[in-house]
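This one's a predicted model, so the numbers in the text were calculated from it and none came from an experiment. Just so you know, ligand 1 is whichever comes first in the structure, and atom 1 is the first atom listed for that ligand.
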Amino acid sequence: MRILLLGSGGREHALAWKMLQSDKCTALFVAPGNAGTASIAINLSLDPNDFPAVKKAVIDNQINMVVVGPEDPLVKGIVDFFLEDDDIKHIPVIGPSKLGAQLEGSKDFAKEFLFKHNIPTAAYATFIKETVDEGKAFLESLTPPYVLKADGLAAGKGVVILNDLEEAKDELENMLVDAKFGDASSKVVIEEFLSGIELSCFVLTDGKNYKILPTAKDYKRIGEGDTGLNTGGMGAVSPVPFASDEFMKKVEERVVIPTIKGLQEDKLGFKGFVFIGLIKVGEDPFVIEYNARMGDPETEVVMPRIKSDIIDLFEGIANENLDTKDLVIDDRAATTIMLVSGGYPEAYEKGKVIRGLENVEDSIVFHAGTSLKDGEVITNGGRVLAVTSYGKNFEEGIKKSYQNIDKLDFDKIYYRKDIGFDL
Ligand code: AMP
Ligand code: GLY
């Protein structure tokens, strides 16, 4: 099978690495990819959001399957684009339809889905510019902290949590009236604050059957001790030590099964990865958010723990017989530490030469933001490399990753030295 993978981050390098372990994969193309994917597959220079260009690449390279990494092309409707085009509608695209991707693309849509299907989640109300005063009155009825969420995609910045009522009212006004996040904040979801510890649950679905992939915990803040600005993710561990079998049974019964049933009932056309952001409140799971794709850097610890052939699982999605496929998980823990450019998630420089990649032993370096220049690997993003290691437990994996990180260097390198500190 000839496969095209869309995206260019650490998630895509990890997916490419995993797909290449399958005998079913005879050629792998990544668009646009990075220096890491270039070392194992063929990079194609095209924008995944330019659907006619994707179609051309699919035809020119005789592609039999498309796997979508990031959310943007999904939310913009790449799956529907394929299904509506006679030339390419027979080529499976692993990912949800435009409507299904609304679970990530619209917080209000996701909350409505959660309530409709009785899935545990925080209480909420949604407001628009015309109802900003009702929104302020609603804030007055809540106890702090106040959780305000821009409805649409806002590059991970659309959630604001405030302790002060007046600040929360001002923020609501900024979002709705002054369009702080542009169109993304033309609607704002205000939520009850839930207090607990977060984890990510990943589910593969063909629309009716499902497989629960390994859990992971992501470290989102830039600073040690979970302080400072939010990032795309600074490290991850899998499995999550506090997600016991008993807890995961609750997750399956209360969250996963009703989610898959809901996708079917509402005809959302969801084939692909459901990323369920959970919070454990006491001993109970609540849904914080859905995403329509894998997480990054969670993929860099989840893929290494899947022993089964991922292409076989993807075929199960395409053919709607995922129930006939095996999912075998590695007992070992996997951990990843993200190396980022100094200044990230605010302003940072690119184009720094990365040294020491050849000295890494017994860890896997997934490239996140890199490119090739004159035969050298250079930095090309805020998040640069994800250093993944196996261990008999997460402590051992983390130790191995830090030992290898000591061999890597680029100008203004930064990483958190406390991944796993809270476990
Ligand atoms: P989201 O983009 O919806 O995942 O929100 C981003 C982050 O905000 C989450 O990872 C949580 O840390 C936090 N958060 C979101 N909703 C809530 C909530 N209802 N209660 C507490 N924290 C929340
Ligand atoms: N690591 C969180 C995400 O991918 O959204």
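Among pairs with a residue in residues 105-126, those fulfilling ring pair (Phe, Tyr, Trp, His ring centres under 6.0 Å) read Phe113-His117, Phe113-Tyr290, Phe115-Tyr124, at least two apart in sequence or across chains.
Of the candidates Val66, Val68, Val79, Val68 is the only one forming a side chain to side chain contact (heavy atoms under 4.5 Å, CB included) with Pro73.
The proximity of Glu192 to ligand 1, defined as any non-hydrogen pair under 4.0 Å, is limited to the backbone. The part of Val159 lying near ligand 1 is the side chain, judged by heavy-atom distances below 4.0 Å.
No side-chain heavy atom of Lys149 sits under 4.5 Å from any side-chain heavy atom of Val188.
Looking at Ile279, Leu194, Asp218, it is Leu194 that brings a heavy atom closest to atom 20 (N) of ligand 1. In this structure, of Ile288, Asn230, Leu278, Val287, the residue bringing a heavy atom nearest to atom 17 (C) of ligand 1 is Ile288. Residue Glu198 holds the heavy atom nearest to atom 11 (C) of ligand 1 of all those in Glu289, Arg221, Lys157, Glu198. The nearest non-hydrogen atom to atom 15 (C) of ligand 1, considering only Lys220, Lys149, Glu191, comes from Lys149.
For Ile405, the side-chain contact (heavy atoms from CB on, under 4.5 Å) test picks out Ile337, Leu339, Val387, Tyr402, Tyr415, with sequence neighbours left out. Legend: residues meeting side-chain contact (heavy atoms from CB on, under 4.5 Å) with Asp47, ordered by chain and number and at least two apart, are Asn49, Asp50.
Separation of the Phe127 and Phe138 ring centroids falls under the 6.0 Å cut-off.
Counted by atom type alone, Asn380 and Thr370 present zero donor-acceptor pairs between their side chains at under 3.5 Å.
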Worked check of side chain to side chain donor-acceptor pair (under 3.5 Å) between Asp108 and Thr126: CA-CA 7 Å; Asp108 180 50; Thr126 301; 2.7 Å; yes
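The single protein non-hydrogen atom nearest to atom 1 (P) of ligand 1 is Lys107 NZ, 3.5 Å, given as residue, atom name and distance.
Residue Ile161 places no N or O, backbone or side chain, under 3.5 Å from any N or O of ligand 1.
Contact residues of ligand 2 (protein heavy atom closer than 4.0 angstrom to a ligand atom; sorted by chain and number): Asp218, Gly232, Phe275, Arg293, Gly295, Asp296, Pro297, Glu298.
Under the 6.0 Å distance and 45° angle rule, Arg293 does not count as a cation-pi partner of Phe273.
The aromatic rings of Phe366 and His13 sit perpendicular, their planes meeting at an angle over 60°, well past the 30° parallel limit.
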